[in-house]
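Values below: every heavy atom of this structure, side chains too, minus hydrogens, waters and symmetry copies.
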Amino acid sequence: MQEFYSYFLLFLEQKIIVSICVVIAVQFISHLIINRIRRDHDFLNEKHRVWISRTKNMSVLMIALTLFTLWWIELQEFALSIAAVAVAIVIASKELILCFSGSILRASSNAFSIGDWIRVGDNYGEVIEHNILSTTVHEIDFENNNYNYTGKTLTIPNSQFLTYTVKNMNFMKRYVYHTFSIVTDAQVNVYLAREHIFEKMDSYSKEFFEVGRRYNSVIEKRLGVDLPGEEPYIRITTNEHAQFVFTIILFCPTEQAVSLEQRISQDLMNFIYALKDNKQA
């Protein structure tokens, strides 16, 4: 009996050593691969982030499968021994279970992949990594219609995919329906100003109009919906202060949206004040 117990302890010690060696080896190889990818490229693109994420996930999977295989018998005995506290464990690990369920939902629905622009609740960003527990994104300033990276990195628990609607905004990486408003109280013919702005927008959009039209058609076919179209739109209303409000919708390249807004705003104000000065003269 004593001899059997000695063999059992030796076998157990060997399992522990093997387990430690497996963890160290897999993590070391994963670290080398990731460092190689980062070292060879000054800036990581979508393909590099995909391979980094795959390397991390595969290393975790290999470690989990190896340890599970080595410790299967012990795990069975342990599972039987904790049957009385199973409910407490489920309650304690509720958030982890929800995160795992959210990961399954994301994978099964193909909601997004690395490199996509998404919105989860009030969080906007570009996906740079995802695993079974969380999703990491680079935050993008959508609230102010800037479409620029804020420099912040958000780690979103996958459990939020079960609570909030996940919006895939990837098509906005190239072209966007940019909406902005200009308010003026100048007493001039605003419809003359409207025609002037239409002429300006037509001249600004010549360089990308055809590409935008084709891209808009691709989005409509992919989503199966009828989008507003690539033509610019201007709506004139008034607010509670009796001021005129020009609401402009422009389908344009995302990186040009802010600059086009500034140019159009300047053109409109110049035209309105020119009309006002002529009227006074």
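- Using a distance-only test at 3.5 Å, with no hydrogens or angles considered, no donor-acceptor pair links the side chain of Thr66 to the main chain of Ile63.
- By the criterion of side-chain heavy atoms lying less than 4.5 angstrom apart, applied directly or through intervening Ile, Leu, Val, Met, Phe, Trp or Tyr residues, Leu65 is grouped together with Met58 in one hydrophobic cluster.
- The structure places CZ of Arg235 at 10.0 Å from OG of Ser181, a figure rounded to the nearest 0.5 Å.
- Side chains of Ser53 and Glu129: a donor-acceptor N/O pair is absent below 3.5 angstrom, by distance only.
- In this structure, Ser103 contributes its side chain and Cys99 its backbone to no donor-acceptor pair below 3.5 Å.
- Within a 6.0 Å radius of CE in Met62, other residues, nucleotides and ligands contribute 12 heavy atoms or fewer.
- For Phe112 and Trp117, the gap between ring centers reaches or exceeds 6.0 Å.
- At a threshold of 4.5 Å between non-hydrogen side-chain atoms, the residues Asp141 and Tyr124 do not count as touching.
- Pairs of residues two or more places apart, or lying in two chains, that qualify as side chain to side chain donor-acceptor pair (under 3.5 Å) and include a residue from residues 191-205 are Tyr204-Asp267.
- Within a 6.0 Å sphere centred on CZ of Phe100, other residues, nucleotides and ligands contribute 12 heavy atoms or fewer.
- Of the possible donor and acceptor atoms, none in the side chain of Arg54 sits under 3.5 Å from a partner among the backbone N and O of Lys56.
- Listed by chain and number, the residues in a side chain to side chain contact (heavy atoms under 4.5 Å, CB included) with Val60 amount to none (sequence neighbours excluded).
- Across every non-hydrogen atom of Ser265 and Glu261, the tightest pair is OG-O, 2.8 Å.
- When side chains are defined from C-beta on, Leu268 does not count as touching Asn270, because their heavy atoms never get closer than 4.5 Å.
- With a 4.5 Å cut-off on side-chain heavy atoms, Ile249 and Phe180 do not count as touching.
- For Asn239 (side chain) and Ala242 (main-chain N/O), a donor-acceptor pair under 3.5 Å exists by modelled atom type.
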Start with the C-alpha distance between Thr238 and Val245, add both sets of side-chain angles, then the distance that settles side chain to side chain contact (heavy atoms under 4.5 Å, CB included), and finish with yes or no. CA-CA 5 Å; Thr238 57; Val245 180; over 6 Å; no

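- To the nearest 0.5 Å, atom CD1 of residue Ile34 and atom CD1 of residue Ile29 are 12.0 Å apart.
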Checking Gln243 against Thr184 for the side chain to side chain contact (heavy atoms under 4.5 Å, CB included) test, could you report, in this order, the C-alpha distance in whole Å, the side-chain angles of both residues, the deciding distance, and whether it holds? CA-CA 6 Å; Gln243 296 172 316; Thr184 178; over 6 Å; no

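- Through direct or indirect side-chain contacts shorter than 4.5 Å among Ile, Leu, Val, Met, Phe, Trp and Tyr, Leu32 is connected to Phe28.
- Between the CZ atom of Phe244 and the CD1 atom of Ile236 there is a distance of 8.0 Å, given to the nearest 0.5 Å.
- Enclosure of atom OH in Tyr164 is not indicated, since only 12 or fewer non-hydrogen atoms of other residues, nucleotides or ligands lie within 6.0 angstrom.
- Between Tyr147 and His178, the gap from one ring centroid to the other is short of 6.0 Å.
- At a cut-off of 3.5 Å, with distance as the only test, no side-chain donor of Asn57 or Asn131 sits close to an acceptor on the other residue.
- Tyr233 is not connected to Val183 by any chain of hydrophobic side-chain contacts under 4.5 Å among Ile, Leu, Val, Met, Phe, Trp and Tyr, and they are in different clusters.
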Between Asn168 and Val166, does the side chain to side chain contact (heavy atoms under 4.5 Å, CB included) criterion hold? Intermediate values first, please. CA-CA 6 Å; Asn168 191 317; Val166 180; over 6 Å; no

Test side chain to side chain contact (heavy atoms under 4.5 Å, CB included) on Leu250 and Ile264; report intermediate values, then the result. CA-CA 11 Å; Leu250 187 64; Ile264 292 170; 3.9 Å; yes

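- Looking at Arg174 and Glu255, no side-chain N of the basic residue comes within less than 4.0 Å of a carboxylate O on the acidic one, giving no salt bridge.
- Counting only heavy atoms from C-beta outward, the side chains of Ile197 and Phe246 never approach each other to under 4.5 Å.
- Linking ILVMFWY side-chain heavy atoms closer than 4.5 Å, directly or via other members, places Met201 and Ile182 in a single hydrophobic cluster.
- Ser59 has its side chain out of reach of Thr55: every pair of non-hydrogen atoms, C-beta onward, lies at least 4.5 Å apart.
- The heavy-atom pair separating Leu105 from Phe161 by the smallest distance is CD2-O, 3.5 Å.
- Between Tyr175 atom OH and Gln256 atom CD the span is 7.5 Å, to the nearest 0.5 Å.
- Residues Val190 and Phe198 share a hydrophobic cluster, clusters being chains of Ile/Leu/Val/Met/Phe/Trp/Tyr side chains in contact below 4.5 Å.
- Side chains of Ile248 and Thr179 form no contact here, defined as non-hydrogen atoms less than 4.5 Å apart.
- In this structure the side chain of Ser113 reaches within 4.5 angstrom of the side chain of Asp116, judged on heavy atoms.
- Annotation: the span from Ile118 atom CD1 to Met169 atom CE amounts to 10.5 Å, rounded to 0.5 Å.
- The closest side-chain donor-acceptor pair between Asn158 and Thr135 falls under 3.5 angstrom.
- Around atom CE of Met269, more than 12 heavy atoms belonging to other residues, nucleotides or ligands sit under 6.0 Å away.
- Inter-residue side-chain proximity for Ile156 and Val137 is flagged as met; some heavy-atom pair is nearer than 4.5 Å.
- One distance of note links CG of Leu192 with CD1 of Ile272; it measures 10.5 Å at 0.5 Å rounding.
- By the rule that hydrophobic residues join a cluster once side-chain heavy atoms approach within less than 4.5 Å of another member, Tyr177 and Ile140 end up as members of one cluster.
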